[in-house]
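Values below: every heavy atom of this structure, side chains too, minus hydrogens, waters and symmetry copies. Naming convention: chains lettered A, B, ... in sequence-line order (proteins, then strands); numbering from 1 in each chain. Since the structure is predicted, the reported quantities are computational estimates derived from the model, not experimental observations.
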Protein chains: 2
Amino acid sequence: MSEPTRRERARAATDREIRQQARTLLINEGPEAVTLRAIARQLGITAPALYRYYSSREDLVHHVRMDICADLAADLTTDLAEIPEGETVRQVLTICRGFRRWALDHPREFSMVFATPQGGPDDLSADPFGRIFLSVAGQVLITKQLTPPPDDTVPPAMRADLEDFRADLLATIAQTGVDVPDDILSIGTTYMILQFWVRLYGQVALEVFGHFPMLISNTEDFFEVMLAELVADAGLGWDEEPNRSP
Amino acid sequence: MSEPTRRERARAATDREIRQQARTLLINEGPEAVTLRAIARQLGITAPALYRYYSSREDLVHHVRMDICADLAADLTTDLAEIPEGETVRQVLTICRGFRRWALDHPREFSMVFATPQGGPDDLSADPFGRIFLSVAGQVLITKQLTPPPDDTVPPAMRADLEDFRADLLATIAQTGVDVPDDILSIGTTYMILQFWVRLYGQVALEVFGHFPMLISNTEDFFEVMLAELVADAGLGWDEEPNRSP
DNA sequence: AGAGTCAGTGAACGGTGTTTACCGAGTTGC
DNA sequence: GCAACTCGGTAAACACCGTTCACTGACTCT
């Protein structure tokens, strides 16, 4: 069992090569260039051979999508490792900046993962990026006093969904080893996390797709201003941020 | 000159049919189904004939994109026509709801126009959707007292861009016939309009792409809550909204 | 009436995803 | 050790794609 046969190792290796080559083509020449024949050509094999690994082009693309998510999560984890344990605000900032940077550096991967209508509501715990996002949210929840909107501003029709989401959040966070008491995650806070994601995503997507209604020469600053507002609105202080004197 | 020859009228007619057929294919079978041969087949002609109208498939797709924008703008204009002149808050709500509804009803058109990395910074005055968005913004600016962030919260590095954008805004609004005194459009207000667009776009795109981190059974309510917050943050009151008793 | 314009055609080229039948090296069971 | 089997890879074929090119034939203008 711990003895993968030679065949199995070879298979796993070419499988990795296929997906790697697919991504190289995606990055360098765009999504329409990632074709089975091109991939096979680069690998020195023929196109039908790929059907031993994936049932169709769509199937391959799907797996590539998952790889991309995993890589993004790995990137963010690396960034995060450099931030000391307790400084949760810096962790939040780091992950947001890391997400933006990754999106700008990998626009084609970004739009493949975050801007294709395909796919039902994604299971956040399956998506590694979701995992890391929620894990940071968990750390914030424990160590910082948040100022969420009072629960009664949330309309009744949303409560059930938010309850479910809260359960998801708690489960996902518990899985990462962090311990979150139930009462710290109010419905209002849950709603706030959603809003956080909406604004972060909107900003990054608009920047990647170039759909800001104006020419922005310094998008970096624009993002930082938005991020500062976002953090302030979430009730996180700047107290841990060294770049800010009182 | 006012006498379009029979040839010219025929040409314009088939041109419309081509783009119409392309959109039908896009809506019913997705972007990869909009192929020159399929379009020609539906029209009862052969594929090379399309090259009399467009220099390439990409060229056709580009024009289809413009058509989609024009249709969206027309939709929103129709919605807007039913709102009395003075009730600017309702106009804002109408246009935001209309944008969301259109995006959900036409997900493939939406992602083609609003979620493709292609294209540099788009000229908002060329895009008819941008026109209508800005025209409403203009009406709001004249008739409502806004509470924008004070100008000095805007970092210096962004000021130049915002100045340019403000000029664009004023020019676009002036083109619609609405008269806006220069001083009403502060830098802070300009920044606020940008933020408004970021949050609206983020919410709608996430809903269309199904990338909310939770299952939302009632997305309608979620949108309405976000919209209410958005309007409140923009400093617009609910005073004109009849569904809200004091 | 003759010249010219031009939408549309048919054939062809090189590319694509996918299926099918086949080969042959690696693995497995006896 | 050898037969049986598994299975990654191949070649050929099919239907489709975008695009080019030489050509036709009806409409338009002078």
Side-chain angles (χ1 to χ4, degrees), chain A residues 1-65 67 108 112 116 118, chain B residues 1-65 67 108 112 116 118:
Chain A
M1 173 150 331
S2 62
E3 186 81 23
T5 88
R6 200 155 60 188
R7 274 243 271 253
E8 275 166 332
R9 277 196 295 106
R11 181 183 175 86
T14 41
D15 186 19
R16 267 197 306 278
E17 278 183 61
I18 291 170
R19 301 209 296 263
Q20 179 50 49
Q21 198 51 244
R23 286 185 65 178
T24 304
L25 285 166
L26 172 64
I27 291 169
N28 295 335
E29 308 177 42
E32 70 287 343
V34 38
T35 123
L36 295 186
R37 288 188 137 105
I39 294 167
R41 215 177 296 131
Q42 299 284 335
L43 263 58
I45 60 179
T46 59
L50 298 177
Y51 283 80
R52 299 286 168 194
Y53 298 85
Y54 301 97
S55 65
S56 69
R57 177 181 186 274
E58 198 44 52
D59 186 31
L60 194 168
V61 168
H62 175 70
H63 281 83
V64 168
R65 255 196 291 263
D67 274 16
R108 298 191 163 125
M112 172 168 282
T116 74
Q118 171 68 344
Chain B
M1 171 146 338
S2 63
E3 187 83 24
T5 86
R6 201 155 59 183
R7 275 243 271 248
E8 275 166 334
R9 277 196 296 106
R11 181 184 174 86
T14 37
D15 187 20
R16 266 197 307 277
E17 277 183 61
I18 291 170
R19 301 210 295 263
Q20 179 51 48
Q21 199 50 245
R23 285 186 66 177
T24 304
L25 285 167
L26 172 64
I27 291 170
N28 295 335
E29 307 176 42
E32 70 287 343
V34 38
T35 119
L36 295 185
R37 288 188 138 106
I39 295 166
R41 215 177 296 131
Q42 299 283 336
L43 264 59
I45 60 178
T46 60
L50 298 177
Y51 283 81
R52 298 287 167 191
Y53 297 86
Y54 301 97
S55 65
S56 70
R57 177 182 186 274
E58 199 45 51
D59 186 31
L60 195 169
V61 168
H62 176 70
H63 281 83
V64 168
R65 254 197 290 263
D67 274 17
R108 300 202 162 113
M112 171 168 282
T116 74
Q118 169 69 347

Student: Just compare dT20(D), dG8(C), dT18(C) and give me whichever is closest to any side-chain atom of Tyr51(B).
Tutor: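 For the Tyr51(B) side chain, the nearest candidate turns out to be dT20(D).
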Student: Send over the distance from Leu50(B) CG to dC21(D) P, rounded to a whole Å.
Tutor: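 So the CG-P distance, Leu50(B) to dC21(D), works out to 17 Å.
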Student: Give me the bend of the helix from dA1(C)-dT30(D) to dA25(C)-dT6(D), using the axes of the five pairs at each end, rounded to 10°.
Tutor: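 End-to-end axis angle for the helix from dA1(C)-dT30(D) to dA25(C)-dT6(D): 10°, rounded to 10°.
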Student: Tell me the interatomic distance from Ile45(B), atom CD1, to dG18(D), atom P, rounded to whole angstroms.
Tutor: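 Atom-to-atom, Ile45(B) to dG18(D), this comes out as 13 Å.
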Student: Taking all non-hydrogen atoms of both residues, which atom of Ile45(A) and which atom of Ala49(A) are closest, and how far apart?
Tutor: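 Heavy-atom minimum between the residues: CD1-CB, 4.1 Å.
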Student: Counting only side-chain N and O atoms of Thr46(B), is one of them less than 4.0 Å from OP1 or OP2 of dG8(C)?
Tutor: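 No.
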Student: Supply the atom-to-atom distance Asp67(B) CG to His62(B) NE2, rounded to the nearest 0.5 angstrom.
Tutor: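 Interatomic distance, Asp67(B) CG to His62(B) NE2, rounded to 0.5 Å: 10.5 Å.
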Student: Would you say dC17(D) has OP1 or OP2 under 4.0 Å from some side-chain N or O of Arg57(B)?
Tutor: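 The answer is no; no side-chain N or O of Arg57(B) sits under 4.0 Å from OP1 or OP2.
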Student: Can you figure out which of dT19(D), dG8(D), dG8(C) approaches the side chain of Ala47(B) most closely?
Tutor: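 When the side chain of Ala47(B) is considered, dT19(D) is the closest of dT19(D), dG8(D), dG8(C).
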Student: May I ask you to evaluate whether Arg9(A) reaches the phosphate of dG26(C), defined as a side-chain N or O under 4.0 Å from OP1 or OP2?
Tutor: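 No.
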Student: Whole Å only: how far is the CZ atom of Arg41(B) from the C1' atom of dC17(D)?
Tutor: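 My rounded result for the distance is 10 Å.
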Student: So, taking the atom named CG in Leu60(B) and the one named CZ in Arg65(B), what distance separates them when rounded to the nearest 0.5 Å?
Tutor: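 Output value for this atom pair is 11.0 Å.
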Student: Considering just the side-chain nitrogens and oxygens of Arg11(B), establish if one lies under 4.0 Å of OP1 or OP2 belonging to dT28(D).
Tutor: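 Indeed not, no polar side-chain atom of Arg11(B) lies that close.
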Student: Using heavy atoms to find the nearest nucleotide of DNA chain D for Arg52(A) and Val34(B) separately, return the residue whose nucleotide is more 5′.
Tutor: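 It is Arg52(A), whose closest nucleotide lies nearer the 5' terminus.
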Student: Please list, in numerical order, the residues of residues 15-26 of chain B that have a heavy atom closer than 4.0 Å to any atom of DNA chain D.
Tutor: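 Heavy-atom cutoff 4.0 Å gives no residues at all.
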Student: Which distance, rounded to the nearest 0.5 Å, do you find between the CZ of Arg41(B) and the OG1 of Thr46(B)?
Tutor: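 Rounded to the nearest 0.5 Å, the CZ-OG1 separation comes to 11.5 Å.
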Student: Under the salt bridge (charged side-chain N to carboxylate O under 4.0 Å, His left out) definition, can you give me all pairs with a residue in residues 20-29 of chain A, not counting sequence neighbours?
Tutor: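 Passing the test, one end in residues 20-29 of chain A: Arg23(A)-Asp71(A), Arg23(A)-Glu109(A).
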Student: When you measure only distances, ignoring hydrogens and angles, does the side chain of Arg37(A) come within 3.5 Å of the base of dG15(C) through a donor and an acceptor?
Tutor: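 Not at all, since no donor on one side and acceptor on the other fall under 3.5 Å apart.
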Student: Between dA7(C) atom C1' and Leu43(B) atom CG, what is the distance in whole Å?
Tutor: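 The distance from CG of Leu43(B) to C1' of dA7(C) comes to 13 Å, rounded to the nearest Å.
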Student: Thinking salt bridges, do Glu32(B) and Arg57(B) make one under a 4.0 Å N-O criterion?
Tutor: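 A salt bridge is absent here (no side-chain N lies under 4.0 Å from a carboxylate O).
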Student: What's the closest nucleotide to the side chain of Leu36(B) if the choices are dT16(C), dG18(D), dA22(D)?
Tutor: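 Out of dT16(C), dG18(D), dA22(D), the nucleotide with an atom closest to Leu36(B)'s side chain is dG18(D).
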Student: Rounded to the nearest angstrom, tell me the gap between atom OH in Tyr54(A) and atom P in dG8(D).
Tutor: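 Going from Tyr54(A) (OH) to dG8(D) (P), I get 13 Å.
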Student: Find the distance between CG (Leu25(B)) and CZ (Arg108(B)) and round it off to the nearest 0.5 Å.
Tutor: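 That separation rounds to 11.0 Å.
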Student: Go through it in stages, so that I can follow the logic: the residues are Ile18(B) and Leu50(B), the test is side chain to side chain contact (heavy atoms under 4.5 Å, CB included), and I'd like the CA-CA distance, side-chain angles, deciding distance and then a yes or no.
Tutor: CA-CA 8 Å; Ile18(B) 291 170; Leu50(B) 298 177; 3.5 Å; yes
Student: What's the CD1-P distance between Ile39(B) and dC16(D), to the nearest Å?
Tutor: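 Answer to the nearest Å: 16 Å.
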Student: Less than 4.0 Å between a side-chain N and a carboxylate O, is that true for Arg11(A) and Asp15(A)?
Tutor: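 Salt bridge absent between Asp15(A) and Arg11(A).
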Student: Assess, by modelled atom type and distance only, whether the side chains of Tyr54(A) and Arg19(A) contain a donor and an acceptor separated by less than 3.5 Å.
Tutor: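 The answer is yes; a qualifying pair exists.
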Student: Taking CD from Glu8(A) and P from dG8(D), how many angstroms apart are they, rounded to a whole number?
Tutor: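 After rounding, the gap between these two atoms is 10 Å.
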Student: Checking contacts here: which listed nucleotide (dG8(C), dC17(D), dG10(C)) is nearest the side-chain heavy atoms of Pro48(B)?
Tutor: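 Comparing dG8(C), dC17(D), dG10(C) against the side chain of Pro48(B), the answer is dG10(C).
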Student: Would you mind telling me which of dT18(C), dG8(C), dG9(D) lies closest to the side-chain atoms of Ser56(A)?
Tutor: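 Of the options given, the side chain of Ser56(A) lies nearest dT18(C).
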Student: Between dG18(D) and Thr35(B), is there an OP1 or OP2 to side-chain N/O distance shorter than 4.0 Å?
Tutor: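 Yes, within the criterion.
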